[in-house]
Amino acid sequence: MVFTLLPALWPPVSRATAFLLRTPPKPFRSQHLLFRSLLTSASSPSTSPIHRSLVTMASAGIPTRRDLLMLGIETSCDDTAAAVVRGDGEILSQAISSQVLLVKWGGVAPKMAEEAHALAIDQVVQKALDDANVSESDLSAVAVTIGPGLSLCLRVGVHKARKIAKVFGLPIVGVHHMEAHALVSRLVNKDLNYPFLALLISGGHNLLVLAQNLGEYVQLGTTIDDAIGEAYDKAARWLGLDIRKGGGPALEELALEGDPNSINFTVPLRQHKDCNFSYAGLKTQVRLTIESRNLCTDDIPISSATEEDRQLRANIAASFQRIAVLHLEDRCQRAVEWALKMKPSIKNFVVSGGVASNQYVRTRLNHIAEKNGLQLVSPPPSLCTDNGVS
Ligand code: KG4
Ligand code: ZN
């Protein structure tokens, strides 16, 4: 558990995310309670507006104030991000430093990521403050991601937040990373009201959630092995793509050149009539396909591939993407039906998290929303991927 590895926090963290635990979600088809397993040490929630992140406040419909200034810090994985957001939801600045660890190691090595965060954090926070034209003494609070994520990386952000909070006498808001992915939609779409259905798709998580109210979530589905972002990242690496800007974007780009019906990958979990996800099997199918076609993707990057070889890789990328997203569509269609049975007043389907910045994903899920009379709400790509705002 992430939080058991975190140091004791000073000043005491008043966790926006403790709201998740305020009302026990109604049990639903033996699914787990959302986020509860990730929030082992959540303390009792504060009721003071200052102790909630601005996203949370906006979601709560609490009158926000123009003079309230929040610094947000996010270091849960490989991006060091900070932002300054005003009480009325206006984003004053965003700063981000992305690590290229993925390229060399094919994944995020926690110790190296921690060091990279430690090197970048002061500069990133300073840039966010400078771009917003404010200093620490103007702030009302500091919000920081406290999980889920890599504990070594989370520590860096929490340490920085504590330092600023201590020197300037500010409260700290602990932010749950996946809740933030869901609720940032309310910053960009002021008409988004509860209840709504949310699909959260990132490098580490796939979640289908019925958001009934602030802090009242029912988990409809989760991944039983790998998340979709992990599958994109691995497939991109195995295809020899240039993943300096991330595996997902690289694969999405190559897929545009390929035939999505050329390779018959199997859609995961079709026989399971629930809303859970699985991407481990699809990853293996991609690996086996690459091996069976004798593609030397480990030795030959796509930039040096022959035209025929490039076409084959593009076909694999497009076919992988079609099936990966078809799996999302299957589960989302069922989740919409479940959610509408529970809350017939639902009008919106929120899709957020890094993978939601993919255009093909957005288009296909928009069909699902429209087919069911819902409106798709998806933040702009810069707010789908990890950022300091949420
Ligand atoms: O939310 P996020 O920024 O970080 C985590 O919380 O994990 O999501 C990162 C994931 C990575 O796996 C990345 O490859 C994926 O989102 N991603 C994409 C795209 N942009 C980012 N996947 C597919 N297509 C994209 N355009
Ligand atoms: Zn994320």
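Atoms within each ligand, like the ligands themselves, are counted from 1 in listed order. Values below: every heavy atom of this structure, side chains too, minus hydrogens, waters and symmetry copies.
Within the structure, the closest approach of Pro249 to ligand 1 falls below 4.0 Å when heavy atoms are considered. Residue-ligand proximity: His181 is placed with a non-hydrogen atom under 4.0 Å from ligand 1.
Annotation for ligand 1: atoms under 4.0 Å from non-hydrogen atoms of Gly204 are 7 (O). Those atoms of ligand 1 that come under 4.0 Å of a heavy atom in His177, given as number and element, are 6 (O). Shown in contact with Gly229 at under 4.0 Å from a heavy atom are these atoms of ligand 1, numbered in order with element: 12 (O). The distance from ligand 1 to the heavy atoms of Asp233 drops below 4.0 Å at these ligand atoms: 11 (C), 12 (O), 13 (C), 14 (O).
Nearest residue to atom 5 (C) of ligand 1 from Asp386, Asp78, Asn358 is Asp386 (criterion: closest heavy atom). Of the candidates Ala231, Gly248, Ser98, the one placing a heavy atom closest to atom 25 (C) of ligand 1 is Gly248. Summarising the contacts of atom 7 (O) of ligand 1 with Ser390, Gly203, Ala324, Gly246, the nearest heavy atom is found in Gly203.
In terms of polar-atom proximity, defined here as any N/O pair under 3.5 Å, Asp79 makes no such contact with ligand 1. Polar contact check, Gly354 against ligand 1: a nitrogen or oxygen pair lies under 3.5 Å apart.
Counting only heavy atoms of the protein, atom 26 (N) of ligand 1 lies nearest to Glu252 OE1, 2.9 Å. In terms of protein heavy-atom proximity, atom 20 (N) of ligand 1 is nearest to Ser357 OG, 3.2 Å. When only non-hydrogen protein atoms are considered, atom 15 (C) of ligand 1 lies nearest to Val355 CG2, 3.8 Å.
Judged by distance alone, with hydrogens and angles left aside, the side-chain atoms of Asn189 form no donor-acceptor pair with the main-chain N or O of Ser185 at under 3.5 Å. In this structure a side-chain-to-backbone donor-acceptor pair under 3.5 Å is missing from Asp79 to Ala81.
In this structure, Ala236 and Leu251 approach most closely via the heavy-atom pair N-CD1, 3.8 Å. Residues Asp226 and Lys283 share a closest heavy-atom pair of OD2-NZ, 2.9 Å.
Here His205 has no heavy atoms under 4.0 Å from ligand 1, in either its backbone or its side chain.
Comment: Lys111 engages Glu114 in a salt bridge, judged by a side-chain N to carboxylate O separation of less than 4.0 angstrom. Using a 4.0 Å cut-off between charged nitrogen and carboxylate oxygen, Arg334 and Asp330 do not count as a salt-bridge pair. The existence of a salt bridge linking Lys341 and Glu337 is excluded, since no basic side-chain nitrogen approaches an acidic carboxylate oxygen closer than 4.0 Å.
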I would like to know whether Gln123 and Thr80 meet side chain to side chain contact (heavy atoms under 4.5 Å, CB included); could you show each step before the answer?
-> CA-CA 10 Å; Gln123 229 178 335; Thr80 315; over 6 Å; no
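Under the 4.5 Å side-chain heavy-atom criterion for Ile, Leu, Val, Met, Phe, Trp and Tyr, Val184 and Ile96 are members of distinct hydrophobic clusters.
Between the Zn ion (ligand 2) and the N, O or S atoms of Asp386, the shortest distance is to OD1.
A ring-centre distance under 6.0 Å is found for Tyr232 and Phe320.
Vertex the Zn ion (ligand 2); arms to His181 atom NE2 and His177 atom NE2; angle 100° (nearest 10°).
For the residue pair Gln126 / Asp122, no side-chain donor-acceptor distance below 3.5 Å is found, with atom types taken as modelled.
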